Amino acid sequence: MQLVVQEDRFDIGRETEGFIAGLAGAGAVVTFIGLVRDNGGRLSAMEIEHYPGMTERAIAAIMEEAKARWSLADAMVIHRHGRLGPDEPIMMVATAAIHRADAFAAAEFLMDYLKSRAPFWKKEIGADGTEWVAAKDSDEAALTRW
Amino acid sequence: MQLVVQEDRFDIGRETEGFIAGLAGAGAVVTFIGLVRDNGGRLSAMEIEHYPGMTERAIAAIMEEAKARWSLADAMVIHRHGRLGPDEPIMMVATAAIHRADAFAAAEFLMDYLKSRAPFWKKEIGADGTEWVAAKDSDEAALTRW
Amino acid sequence: MKIDVLYFAWVRERIGLPREKVETQAETVADLIAELCAREERYAYAFADLPALRVALDQELADFAAPLAGVREVAFFPPMTGG
Amino acid sequence: MKIDVLYFAWVRERIGLPREKVETQAETVADLIAELCAREERYAYAFADLPALRVALDQELADFAAPLAGVREVAFFPPMTGG
């Protein structure tokens with residue numbers, strides 16, 4: 001289990017390969033990568049604020065929950081904060097299991113909980129000014145299925 | 001949309017990065033990677049037979065169906081055939097969308113259909129002899145949810 | 001008519017060849033299977049458990065009752081195990 | 001008692017600072033909010049729409065009725081938008 005909260009950009013390919021290299025015998029790997037959308041060129045940057053300390057605690061708790069619910073060989077969460085440019089990776093989740101259904105379910109679960117229960121706040125900085133990204137009702141609703 | 005059926009090993013990190021580099025504005029990427037399991041050291045190789053021609057047609061049809069069902073920015077399928085060693089990647093699916101739910105659903109759909117509707121057959125070569133991998137009822141059952 | 005008949009995985013191994021041209025008047029897939037089984041033991045062995053087999057006509061999945069009129073390529077194989 | 005009070009995102013921007021030490025006898029989160037709102041306009045502005053706010057006590061999500069006894073760190077912020 002690997003959990004990283006960092007400001008620096010990360011290398012998606014290298015992280016994926018490193019995750020896979022560390023596996024022993026699990027045949028199914030699912031990854032999710034979240035990227036900064038440029039909203040048709042109107043976004044110049046995204047600023048991500050977080051709550052140091054609580055962020056790590058909250059993500060660790062979510063990962064423990066995923067480990068308890070599904071048969072996972074491994075899981076990884078990388079989430080950035082600070083100022084990010086268009087098309088940069090924001091975060092990445094990876095899960096590995098013997099059966100693909102476990103890897104898929106755990107990755108979706110981790111994403112749903114990261115969206116609404118890990119203390120990050122996104123601010124979009126664009127030509128038209130800055131705006132805090134509003135939480136979506138659909139993200140809160142997504143939690144009810146687990 | 002990219003569809004590759006090949007004998008050569010592929011580079012998971014590079015394929016993931018190439019897929020992402022080709023996206024315009026989609027913030028959610030899901031990948032699935034299937035690896036040869038070594039079954040606790042008992043497997044020395046996996047041989048994958050396929051039906052050239054039908055393989056490409058079947059996968060293209062599955063990808064078209066995914067594109068029709070979900071709002072996807074892009075999708076990619078790479079599947080190998082021939083002789084593979086333990087821990088080598090067998091195949092990879094990638095999907096990209098604006099909303100993560102679309103990317104996850106399409107990736108799972110592609111996997112479920114690739115498992116049971118694309119003409120590949122796996123044979124395990126191990127210390128105890130060789131054996132064709134049997135199709136699982138659970139894989140056939142997985143199709144009924146879509 | 002002359003049809004290309006293809007075999008994959010353990011069907012191929014049991015019959016002992018990957019493909020052959022078959023001269024047949026069979027009207028359906030089931031008729032073709034019956035003709036092949038009557039030929040030689042190895043065909044009867046390969047087709048012994050029909051529910052464990054799948055068939056594709058011109059590279060599209062079909063069923064055993066499907067007509068062969070106009071079909072150029074018939075393939076027999078076990079359930080697929082891709083992914 | 002002295003409590004560390006933290007503010008994030010637009011709550012931080014409205015109040016104008018990321019954290020402060022608050023001397024308070026408030027028994028619950030709601031009491032603490034009432035005390036802060038009585039202090040200055042910028043607090044009343046930040047806490048104007050409570051359903052749009054979340055609170056964490058010692059880095060665990062809580063609700064506004066939660067007691068403050070033993071709590072060292074209270075954080076106020078809008079719904080999270082990670083991922």
Side-chain angles (χ1 to χ4, degrees), chain A residues 3 5 32-37 46-62 77-82 84 89-93 107-124 129-143, chain D residues 1-22 28-29 32-33 36 41-83:
Chain A
L3 153 55
V5 179
F32 178 92
I33 298 129
L35 305 161
V36 177
R37 290 179 227 160
M46 174 174 277
E47 253 181 36
I48 302 180
E49 186 170 332
H50 80 124
Y51 182 172
M54 181 172 169
T55 305
E56 291 78 0
R57 285 170 65 128
I59 298 176
I62 295 164
V77 172
I78 303 172
H79 204 303
R80 294 173 68 196
H81 58 91
L84 283 66
I90 299 171
M91 51 83 62
M92 174 174 175
V93 157
E108 265 201 281
F109 171 88
L110 287 171
M111 283 309 305
D112 282 355
Y113 273 83
L114 282 170
K115 277 272 166 193
S116 308
R117 292 293 181 270
F120 292 99
W121 300 275
K122 294 194 186 109
K123 189 185 207 171
E124 292 180 342
T130 69
E131 191 167 9
W132 290 99
V133 172
K136 280 186 281 183
D137 290 344
S138 59
D139 283 331
E140 192 62 32
L143 298 183
Chain D
M1 61 184 169
K2 257 192 151 51
I3 298 182
D4 282 309
V5 185
L6 283 67
Y7 311 109
F8 292 98
W10 56 254
V11 181
R12 172 181 55 71
E13 291 178 337
R14 288 183 184 187
I15 292 173
L17 78 181
R19 64 189 301 155
E20 60 185 321
K21 279 209 184 298
V22 174
T28 66
V29 174
L32 174 63
I33 292 173
L36 291 169
E41 185 55 38
R42 58 198 169 107
Y43 291 96
Y45 175 45
F47 291 108
D49 180 17
L50 280 190
L53 287 183
R54 300 290 178 269
V55 62
L57 302 183
D58 289 332
Q59 306 188 354
E60 298 279 355
L61 283 173
D63 56 54
F64 298 122
L68 289 179
V71 168
R72 287 165 304 174
E73 188 172 296
V74 178
F76 294 105
F77 42 79
M80 307 164 195
T81 54

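As the structure is a computational prediction, the values presented were derived from the model and not from experiment.
Listed by chain and residue number, A/Pro119 satisfy the side-chain contact (heavy atoms from CB on, under 4.5 Å) test with A/Ala58 (two or more places apart in sequence, or in another chain).
Among the candidates D/Ala56, D/Gly83, D/Pro79, the residue making the largest number of heavy-atom pairs closer than 4.5 Å to chain A is D/Gly83.
Rounding to the nearest 0.5 Å places CD1 of A/Ile33 at 12.0 Å from CD1 of A/Ile90. For the atom pair A/Ile48 CD1 and A/Met91 CE, the distance stands at 9.5 Å (nearest 0.5 Å). How far CZ of A/Phe109 is from CD1 of A/Ile62: 7.5 Å, rounded to the nearest 0.5 Å. A distance of 6.0 Å separates CG of D/Leu32 from CG of D/Leu68, quoted to the nearest 0.5 Å. To the nearest 0.5 Å, atom CG of residue D/Leu36 and atom CZ of residue D/Arg42 are 9.5 Å apart.
Heavy-atom distances place both the backbone and the side chain of D/Ala9 under 4.5 Å from chain A. Residue A/Ala61 does not touch chain D at all, counting heavy-atom pairs closer than 4.5 Å.
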Quick one: donor-acceptor pairs under 3.5 angstrom, chain D versus chain A?
| unit_1 | atom_1 | unit_2 | atom_2 | d |
| --- | --- | --- | --- | --- |
| D/Ala9 | N | A/Glu49 | OE1 | 3.4 |
| D/Ala9 | N | A/Glu49 | OE2 | 2.9 |
| D/Arg12 | NE | A/Glu49 | OE1 | 3.3 |
| D/Arg12 | NE | A/Glu49 | OE2 | 2.9 |
| D/Arg12 | NH2 | A/Glu49 | OE1 | 2.5 |
| D/Glu13 | OE1 | A/Trp132 | NE1 | 2.7 |
| D/Glu13 | OE2 | A/Lys123 | NZ | 2.4 |
| D/Gln59 | OE1 | A/Met54 | N | 3.1 |
| D/Glu60 | OE2 | A/Arg57 | NH2 | 3.0 |
| D/Glu73 | OE2 | A/Tyr51 | OH | 2.5 |
| D/Pro78 | O | A/Trp121 | NE1 | 2.8 |
| D/Thr81 | N | A/Phe120 | O | 2.8 |
| D/Thr81 | O | A/Lys122 | NZ | 3.1 |
| D/Thr81 | OG1 | A/Lys122 | N | 3.0 |
| D/Gly82 | N | A/Lys115 | O | 3.2 |
| D/Gly82 | O | A/Lys122 | NZ | 3.2 |
| D/Gly83 | N | A/His79 | NE2 | 3.0 |
| D/Gly83 | O | A/Lys122 | NZ | 2.8 |

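When each of D/Phe47, D/Tyr43, D/Phe8 is tested with D/Phe76 by the rule ring-ring contact (aromatic ring centres under 6.0 Å, His included), just one qualifies, namely D/Phe47.
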